[in-house]
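I have placed the structure first, in the form of structure tokens, so that the comments after it can refer back to it.
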Protein chains: 2
Amino acid sequence: MKDQDGSITADDVAVLAGVSRWTVNRAYKKEASISVKSREKVMKAAETLGYVPDLLATSLATDRTNLVALLVDDFANPHKLVMMERLTRILRKSGYDTLLVNTSDEEDASAALLNASQRRVDAAVLIGVSFNDQSLEAALGAKRVKKLIVFARMSGNDNTISICCDDSASMTALTQYVFSAGYRNPVFIAGPQTQSAHLQRKEVFLSQWERTAGKRPDFLPVGSYDPKMAYDLIAKTFRGLAKSELPDVLVCENDALAMGAIDAIRYELGLQVPGDIAVTGFDDVPQAASPHYELTTYRQPLTDMAKALVDVLEGKSNSKDLNTFLGRLVTRESA
Amino acid sequence: MKDQDGSITADDVAVLAGVSRWTVNRAYKKEASISVKSREKVMKAAETLGYVPDLLATSLATDRTNLVALLVDDFANPHKLVMMERLTRILRKSGYDTLLVNTSDEEDASAALLNASQRRVDAAVLIGVSFNDQSLEAALGAKRVKKLIVFARMSGNDNTISICCDDSASMTALTQYVFSAGYRNPVFIAGPQTQSAHLQRKEVFLSQWERTAGKRPDFLPVGSYDPKMAYDLIAKTFRGLAKSELPDVLVCENDALAMGAIDAIRYELGLQVPGDIAVTGFDDVPQAASPHYELTTYRQPLTDMAKALVDVLEGKSNSKDLNTFLGRLVTRESA
DNA sequence: TTGTAGGCGTTATCAT
DNA sequence: ATGATAACGCCTACAA
């Protein structure tokens with residue numbers, strides 16, 4: 001045994017087990033040519049010494065960290081918690097650890113990406129939205145992040161792998177539901193308007209609705225995916241308006257906005273949901289099911305998406321456009 | 001320039017800058033004896049090559065990773081999101097990165113601790129609650145986690161550093177407020193009952209109330225800090241009871257439980273909050289301020305606590321009992 | 001099956 | 001101020 005705590009290396013185990021250091025390391029490899037007896041000896045010695053292989057040294061030697069950086073820029077949205085839970089759990093099951101990187105007070109994600117690259121993460125996964133494609137591209141080009149993955153969002157950037165719901169399919173389903181439920185005067189509540197706006201839920205809804213109903217709806221951009229901001233904006237925008245001037249449904253880009261919207265309709269406008277104004281969301285966060293919201297929304301297949309992420313990490317998935325999933329509409333009382 | 005992407009080392013920079021490899025590394029150290037000119041040359045060369053120091057190799061050589069593991073076992077509680085945001089941001093500002101470890105499906109945290117130790121984290125921070133002191137102690141003894149910190153919870157374990165609100169002071173304040181607001185028949189809604197139950201909020205409340213009102217209140221343990229579980233339990237427990245049999249206030253161990261309680265009172269029991277049953281929480285999560293909950297609760301000074309964590313990491317704080325903070329009561333409409 | 005070099009990219013320490 | 005040696009703990013590739 002060595003002197004201090006925690007400095008037990010393969011060498012120490014080798015001595016105790018009476019084998020060479022390399023045999024010790026081999027004992028920890030799945031398909032290594034090593035005799036059962038040797039492995040047993042090694043494992044027993046390791047057990048008594050409290051030895052565990054050092055992942056730092058392993059990573060340095062193999063150029064593989066089994067580390068994934070999760071970049072999150074928006075902690076007001078409860079769906080982030082759901083995604084983090086799912087991702088960390090499934091990544092862990094596949095042997096990956098997760099670096100949680102908070103990019104909420106940075107202009108763009110490139111500084112965070114740089115930092116992650118210094119830790120040699122196997123991939124950086126963006127669960128945020130306020131990134132812009134250009135800075136991403138720059139970061140990806142210059143730095144050494146091996147893979148850049150945009151999760152739960154489409155990305156227009158070709159160097160990026162996007163794992164997400166098909167915005168077109170999901171919003172089309174939502175549009176059809178809203179229309180066939182009889183609503184005729186929707187307003188779309190959008191999140192922050194980033195530069196790469198193509199393919200967004202907003203665009204799909206506006207054009208789909210126009211095609212269906214013959215009129216392009218208005219939309220309201222909220223500064224961030226924060227229920228409070230949605231609340232304030234909706235209160236300010238619609239307060240004092242006559243019923244005839246109000247929309248009959250607010251189609252929200254996600255549940256965070258929708259929950260703020262519902263509260264504002266009830267507590268600021270003094271109106272009923274869905275009686276006066278209906279509301280739809282996107283994500284199906286846990287709170288959406290509560291009797292207070294009863295939110296009609298769209299659920300993404302997070303587990304499948306997380307598994308797809310693992311496939312991408314392990315190089316099993318190559319074609320970039322296969323990582324588009326279909327979720328399902330969850331209809332409740334809010335619309 | 002070397003061949004592939006991302007494999008630029010200090011050697012490459014050294015060649016381009018016309019200095020030795022060690023000078024390159026020195027250029028990145030704050031107080032290193034290096035000439036301004038050399039540093040400039042190095043930085044310029046690094047810039048054109050896109051060199052950044054490798055943190056993996058640094059950690060291996062220095063035995064300091066600047067990595068902190070955050071163990072979280074409960075993703076249904078929105079306060080976790082708040083804590084994660086605050087901690088990651090403040091840790092980052094001090095040069096630490098955060099490993100997010102999901103321990104929600106593990107019996108105890110020791111397996112997660114083992115894994116973190118293999119990455120040589122500088123510290124493991126527990127933001128969960130369903131740990132038991134014994135397994136922690138075992139893990140701390142056997143493995144090489146340098147520091148084990150329990151955040152936002154008291155811990156009875158001496159080998160553990162606890163950074164939290166003073167449960168006694170906070171619950172006393174809450175107790176006094178509830179009593180002086182005229183409530184006389186409280187029930188405490190508790191979280192999972194772990195082994196080390198001493199010093200918990202529940203105990204403080206029960207004994208404080210007994211001292212004040214002369215009667216030890218009942219309490220109801222919920223299986224996890226999940227609003228839904230609180231909702232179900234409260235619905236099941238109180239449904240069909242006569243008004244005289246109902247409590248007049250539910251003192252909840254945290255906001256997650258309180259929010260479930262409020263929903264259950266309104267939507268399952270058909271009663272008013274606070275008119276029929278009042279509710280208090282703990283944490284002051286963002287949702288607590290919404291007009292729907294208007295929750296009377298207790299806010300912890302998270303930023304100060306996070307800074308204290310940094311102090312502990314940097315060895316500036318030694319005495320274990322100084323890391324107890326005072327928060328403040330936030331009174332709203334729910335009680 | 002087992003042992004041996006050499007290397008991963010950095011830092012501590014000593015020498016110049 | 002700068003250069004050089006050894007070490008951090010492990011892995012790949014090769015030799016025995």
Establish, with yes or no, whether the OP1 or OP2 oxygen of D/dG9 is under 4.0 angstrom from a side-chain nitrogen or oxygen of A/Tyr28.
no

Distance check needed: C/dG3 P versus A/Lys29 NZ, whole Å only.
17 Å

Figure out the CG/P separation between A/Leu55 and D/dC8, and round it to whole Å.
19 Å

Whole angstrom value for the distance that separates P of C/dT11 from CZ of B/Arg26:
11 Å

Measure CZ/B/Arg21 against C1'/C/dA12 and give the value in whole Å, please.
13 Å

Between A/Asn102 and B/Thr88, is there a side-chain donor-acceptor contact under 3.5 Å, judged purely by atom types and distance?
yes

Determine: side-chain N/O of B/Thr58 to OP1/OP2 of C/dT10, distance under 4.0 Å, yes or no.
no

Does B/Thr23 put a side-chain nitrogen or oxygen below 4.0 Å from OP1 or OP2 of D/dG3?
yes

Testing C/dT10, D/dC11, D/dG3 for proximity to the side chain of B/Val19, the answer is D/dG3

Just how far, in rounded Å, is P of D/dT12 from CG of A/Asn25?
10 Å

With a 4.0 Å cut-off on heavy atoms, is A/Ser38 in touch with a base, just the backbone sugar-phosphate, or nothing at all?
sugar-phosphate

Would you give the length of the straight line joining atom OH of A/Tyr225 to atom CG of A/Asn77, rounded to the nearest 0.5 angstrom?
9.0 Å

Closest to the side chain of A/Ser35, out of C/dT2, D/dG9, D/dC10, is C/dT2

Which heavy atom of B/Arg120 sits nearest a heavy atom of B/Thr65, and at what distance?
O-OG1, 2.8 Å

By nearest heavy atom, map A/Trp22 and B/Leu60 onto DNA chain D; which one lands nearer the 5' end?
B/Leu60

